[in-house]
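Okay, so here's the structure we're looking at.
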Protein chains: 2
Amino acid sequence: MNKDTLHTISQRTGYSVSTISRVLSGKGRQFRISERTIELITKEAEACNYIPDQIARGLKMKKTSTIGLTVPAIDNPFFANLASGLIAHLKKYGYNILLADTMEDERNEKDALMSFVARKVDGIVTVPVSSSPDLLERIAKSVPVVLIDRYFENTDLPYVCSDNYSGSFAATKYLIGKGYRRIHAIQGVLTSMPNKERVRGFLDAVASHADSGVTGTVSGNSFSLENGISETLRIMSGNDRPDAIFAFSTTILLGVISTLRRMSLSIPDDIAIISFDDNLFFDYMNPPITRVAQPVAEIGQLASDILLKMIDGSLERGEVCQMQIPPKLVHGESC
Amino acid sequence: MNKDTLHTISQRTGYSVSTISRVLSGKGRQFRISERTIELITKEAEACNYIPDQIARGLKMKKTSTIGLTVPAIDNPFFANLASGLIAHLKKYGYNILLADTMEDERNEKDALMSFVARKVDGIVTVPVSSSPDLLERIAKSVPVVLIDRYFENTDLPYVCSDNYSGSFAATKYLIGKGYRRIHAIQGVLTSMPNKERVRGFLDAVASHADSGVTGTVSGNSFSLENGISETLRIMSGNDRPDAIFAFSTTILLGVISTLRRMSLSIPDDIAIISFDDNLFFDYMNPPITRVAQPVAEIGQLASDILLKMIDGSLERGEVCQMQIPPKLVHGESC
DNA sequence: CGCACAATCGTTTGCGTCAACAATTGCAAA
DNA sequence: TTTGCAATTGTTGACGCAAACGATTGTGCG
């Protein structure tokens, strides 16, 4: 299979390589190759199962029909869903996906991005883990790049993410509206933009109800299960227990839940829970979790649309294109 | 960034393209290029941020350092975990991953595989969705291919999957040991090998206890939430309710759980639940789910090891290499 | 002083494809 | 008959890299 090249077909049919090339890339009519020849060549190509060598074609055309995608952890459902949407959407336009899992490691990220450049991908979609945009900005000069979920201040790199501020703000307002007064937020990586925005939204919402005695505290330092566990333990063993916990990620949430359960505290009777992110399982938990669901599909769709526009040139290279999509509050029974 | 080629560096340094090539691919010493020259060229390459064009290199070397991976649905945690393990493992050997999501569609699978071939991947790992091994067998003649999870009878295509029969058998035995007597299994896609094996294991286990009055029934036809819901409704509204349900996948399980909850039946008091597959969430459900956990990481590891051996030739092309890994019963509190 | 042979680097080709130029017909109009 | 032009197909480089094959020095030795 697939040992044939334009050359071998040329030999077998007697036509020149370029005629074969033209016919098989659908330009036969355009170059006025006779119907008879077209049919003959097409038949031969089908017979021997010819598949054009994309490597050779890529070298010549400087276009690989490949998009590089990096995510911090593909086994995180949020990123898996993102990848799923991106892959499906970009496939429609004939693109293949080179996927790299950076495992939240800056070095892996660098490796992956360099590899993408070396492989001449037509574009890059990335959920960056690095704290600096330097490398990405260098790369963006020669390849279209779109960031997702996490982004940087003071750069023009295009990005799409959910509006973490408003999502966090709305969730906190919701808790307050439900009557909760001592709310504690367990945050993730301090330096990441989404986390900063979530903290800001949380604190602003609390501040706007300060006169009704609402207090908000924040602690934690990682989007991990362990962080959820240790912070829950800490705050619940203090003498000023909160009456509601806001988990800034799914993993944190699981840590919170398992710890509360071990302490025999019931949700939402003893303490209310609300979380960021969404997951199929949330609706099947006991109780179902109220959460701020990020519009993953939409984010992926928008990001790829921007990328495609940058590739075909309909979006100026200099043009700043940064968008935040409002997340949705999904009601469970945990508050 | 990355506009330099061996040629431009050659012009700037005055050395020939081949000298540059040798130095930059680490063969300077081997070709007795002088230390001075090596250093000079290396410096220049670093200065201009030279990255070898992998497309051109691929064309010449007939090796792309790329592995193609197809999964039926990357947003399914089982496959996401699989991909995660594979990517991490293959990265160690310098391979990049072309990921295709076939969305359980045979045509997508064909597209993806053809694309892999055209892109001259060095190897293919696939969770096939097609019911016929024809295409894969054709491809396997020119590119190393390893199947995962699903496989075909009567082929020599190498595969790695969990031992569905023994897993299913053990789970059923466990239920019986716990005292359950009327067990119903909700199955997935009838034609898929894993499903067939699970059914066989289930029925064999039941049969081996037929004299103690154990009965086993099977129904359903898809690894989906809907199937879980409709089958649960059906069997629970009959006048011969089972006392235990065996869900053959996570999605089926969720359907079962939601339906039971809507019927206000409590687990495991009113009815016991056991499931195939594993998931982080299982431990945080209420109650935690007892399940047959497939050794995803191990499967991925083994599959890539086999693939690597096929690539470097240390595994004969003709040699049959098919392995089934025993899954583990993970105890929750749902039985 | 000439020659062998190491030490050091260069020339050229080809991987498979596409595309810019050419080339070859035939046939109608002048 | 010549000219012109449409209708067909061919030739010939790149693309950037690696490797096969050479080429040029210089040094030690007989």
Side-chain angles (χ1 to χ4, degrees), chain A residues 1-42 44-45 48-66 117-122 142, chain B residues 1-42 44-45 48-66 117-122 142:
Chain A
M1 173 167 205
N2 188 39
K3 266 218 57 180
D4 280 284
T5 70
L6 291 182
H7 184 69
T8 64
I9 298 185
S10 156
Q11 290 186 317
R12 246 173 304 127
T13 59
Y15 288 99
S16 79
V17 173
S18 77
T19 300
I20 316 279
S21 168
R22 297 202 258 246
V23 170
L24 297 184
S25 45
K27 295 180 181 162
R29 211 59 49 83
Q30 181 184 329
F31 280 89
R32 292 172 295 193
I33 312 279
S34 70
E35 292 301 327
R36 213 163 39 86
T37 309
I38 292 185
E39 195 184 347
L40 200 155
I41 292 179
T42 308
E44 177 62 27
C48 69
N49 251 301
Y50 171 76
I51 306 178
D53 184 326
Q54 293 299 132
I55 299 295
R57 175 176 274 184
L59 180 60
K60 176 71 188 175
M61 312 259 278
K62 297 177 166 313
K63 178 171 187 325
T64 54
S65 295
T66 304
V117 173
R119 286 179 150 75
K120 306 288 166 188
V121 294
D122 294 339
S142 48
Chain B
M1 175 166 203
N2 188 40
K3 266 220 55 180
D4 280 284
T5 70
L6 290 183
H7 184 68
T8 66
I9 298 185
S10 157
Q11 291 187 315
R12 247 175 301 126
T13 60
Y15 288 100
S16 78
V17 172
S18 76
T19 300
I20 317 278
S21 169
R22 298 203 257 247
V23 170
L24 296 184
S25 46
K27 294 179 181 163
R29 211 59 50 83
Q30 181 185 327
F31 279 89
R32 292 171 296 195
I33 313 280
S34 71
E35 293 299 329
R36 214 162 40 86
T37 309
I38 291 186
E39 194 183 347
L40 200 154
I41 293 179
T42 309
E44 177 63 27
C48 68
N49 252 302
Y50 172 75
I51 305 178
D53 185 326
Q54 293 299 131
I55 298 295
R57 174 177 274 182
L59 181 58
K60 176 72 187 175
M61 310 258 279
K62 296 176 166 313
K63 179 176 188 318
T64 54
S65 295
T66 303
V117 172
R119 285 180 152 74
K120 307 287 166 189
V121 295
D122 294 339
S142 48

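None of the values given here were measured: they were computed from a predicted structure. A, B, ... follow the sequence lines: proteins, then strands. Residue 1 opens every chain.
- The CE atom of B:M61 sits 11 Å away from the P atom of D:dA20 (whole-angstrom rounding).
- Residues of residues 27-34 of chain A that place a heavy atom closer than 4.0 Å to DNA chain D, in numerical order, are A:F31, A:R32, A:I33, A:S34.
- A rotation axis mapping the C1' atoms of four pairs onto the next four is fitted at both ends of the helix from C:dC1-D:dG30 to C:dA30-D:dT1 over five pairs, and the angle between these axes is 80° to 10 degrees.
- Contacts of residues 12-22 of chain A with DNA chain D (heavy atom under 4.0 Å): A:G14, A:Y15, A:S16, A:S18, A:T19, A:R22.
- The interatomic distance linking B:Y50 (OH) with D:dG16 (C1') rounds to 7 Å, in whole Å.
- Put simply, CD on A:Q11 and CD1 on A:I20 are 10.5 Å apart, with the number rounded to the nearest 0.5 Å.
- With sequence neighbours excluded, the residues satisfying side-chain contact (heavy atoms from CB on, under 4.5 Å) with A:R12 are A:D4, A:T8, A:I9, A:E44, A:C48.
- Partners of A:K63 under the salt bridge (charged side-chain N to carboxylate O under 4.0 Å, His left out) rule, at least two apart in sequence or in another chain, are A:D122.
- Where DNA chain C meets chain B (any atom under 4.0 Å from a heavy atom), the bounding nucleotides read 5' to 3' are C:dA7 to C:dG16.
- Of the residues near DNA chain C, B:R36 and B:L59, the one whose nearest nucleotide (by heavy atom distance) lies more toward the 5' end is B:R36.
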From CA spacing to verdict: side-chain hydrogen bond (donor to acceptor under 3.5 Å, both in side chains), A:S65, A:R57: CA-CA 10 Å; A:S65 295; A:R57 175 176 274 184; over 6 Å; no
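- For the atom pair CG of A:L24 and CD1 of A:I51, the computed distance is 12.0 Å after rounding to the nearest 0.5 Å.
- The base of D:dA14 lies close enough to the side chain of A:K60 for a donor and an acceptor atom to sit less than 3.5 Å apart.
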